[in-house]
Amino acid sequence: MGNASSMLTQYDIEEVQEHCSYLFSQQEIVSLYERFCQLDRSAKGFVAEDEFLSIPEYSTNPLSQRLLRMVDGLNFKEFVSFLSTFSARASLQQKIEFIFKVYDIDGKGKVSFKDLVEVLRDLTGSSMSEKQREVLI
Amino acid sequence: RWEEMASSLDAPNLDDYLTADSLPQEPPRSLTLRDLLDISPVLTEAAGAIVDDSFTRCFKSNSPEPWNWNIYLFPLWCLGVVIRYGLLFPLRFLTLILGWMAFFTAFFPVRFLMNGKNRLKSKIERKLVEMMCSVFVASWTGVIKYHGPRPSSRPYQVFVANHTSMIDFIILEQMTAFAVIMQKHPGWVGFIQKTILESVGCIWFNRNDLKDREVVGRKLRDHVQHPDNNPLLIFPEGTCVNNQYTVMFKKGAFELGCAVCPIAIKYNKIFVDAFWNSKKQSFTMHLVRLMTSWAVVCDVWFLEPQYLREGETAIEFTESVQSEGHDSCSGWS
């Protein structure tokens, strides 16, 4: 695997850190870079859909498809920014915004009835019929 | 389904970067729609998987840090290469060839001329196999330290060991002739498996054959019960792992209803990385690499036999044996 951190300069790390509002320490960013390079096997500069889906624990997650639309094709800076929401240091506001964006996947600014049904479908799979879900919501 | 969702609200987290509660926890009450639609734990798990997943970790071979890059160390390293490839390798190769010749001249007559399945014949064959393995070990200048009581040949016991490379088997076989359960390999390894290992009482299986499992299960049970058979050795991981993380043991070995004697094998990485990435190298190439290294240094611990305790399930038993082996391995690193 080699020394991935030798390809990141101090300036790069600081730029990424600023972009994610200092929610990650520099060491964390270095580790995330190693992970990013590990996932981006063909060194394109971003991680493609199939590379995310090759992580067994990710592909079994019910919301993997929805998240893929948000995370596919991000470069490293954006990748870190995406993950920064999950940091303990992130604000509640930021986290709620993130969850809102997952629901409102097409970015219209509102969570519609259709969005709620879709998320419920992802979570429950085939254990509920479409009608049941609509009635529930 | 509802219970799963309720319990996932308290799911512990995988990673340092991520916290379990991205939303404030509320006191548990009866499940409402809001609980159902609370996707934060699901999202956290997904992000956790993106950041790190345990499966990839096990199969990564850690590439050694290059230490020969500067002007002082490089000539030394070159000298080392010359010695290793020019002097040690031919010597070792010669030892190996001589060993094989001696082995075959002794083995085939015994196999085909001495008739019947008498005890003397098995004893001689066993000794020959042990000798052959010692030759192999010498051909890579193996420095092996054994700790703990040597395995005895008794019924109702099975040995389990962690698995880094095919050479694990050779190292153990040098000490006692074990019977193993192995997948048939192609090439010259397969030839050896068929002719020689048969004499030690090995059991074959085909990973791709589903029906095979029952047959193999039966054969295992039979083997363990017979006192004359060589002690049975099983590698529960089923595949070669890089010695730093343990892949979950397959629990088949632990369901046989006998004492399980764990063996822990730990290689000292300073001299050579014994991890055989079977997807990247063929066995022959792997052997050549070992023969051109300085030495193969490893420790083998024979641990206390473990018995299934009252009320323990096969899975719990598996885990406790696995952690026992891991503890002795991580005594040094």
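Residue numbers start from 1 in every chain, and the chains themselves are labelled A, B, ... in the order their sequence lines are given, proteins ahead of strands.
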Legend entry - Non-neighbouring partners of A/K108 that pass side-chain contact (heavy atoms from CB on, under 4.5 Å), sequence neighbours left out: A/D104, A/D106, A/S112, A/D115
Inset, instruction - Determine whether A/F24 and A/L83 make a side-chain contact, defined as any pair of heavy atoms from C-beta on separated by less than 4.5 Å. - result: yes
Legend entry - Heavy-atom proximity to chain B below 4.5 Å, by part of A/V102: side chain
Legend entry - Contact origin within A/F36 toward chain B - heavy atom pairs under 4.5 Å: neither
Legend entry - chain B interface, residue from A/N61, A/V47, A/L67, A/L63 that has the most non-hydrogen pairs under 4.5 Å: A/N61
Inset, instruction - Under 4.5 Å heavy-atom distance to chain B, tell me which part of A/F52 shows up: side chain, backbone, both or neither. - result: side chain
Legend entry - Atom pair CD (A/Q94) and OG1 (A/T85), whose distance is rounded to the nearest 0.5 Å: 4.5 Å
Legend entry - All pairs passing salt bridge (Lys or Arg N to Asp or Glu O under 4.0 Å) where residues 12-23 of chain A contributes a residue, at least two apart: A/E15-A/K77
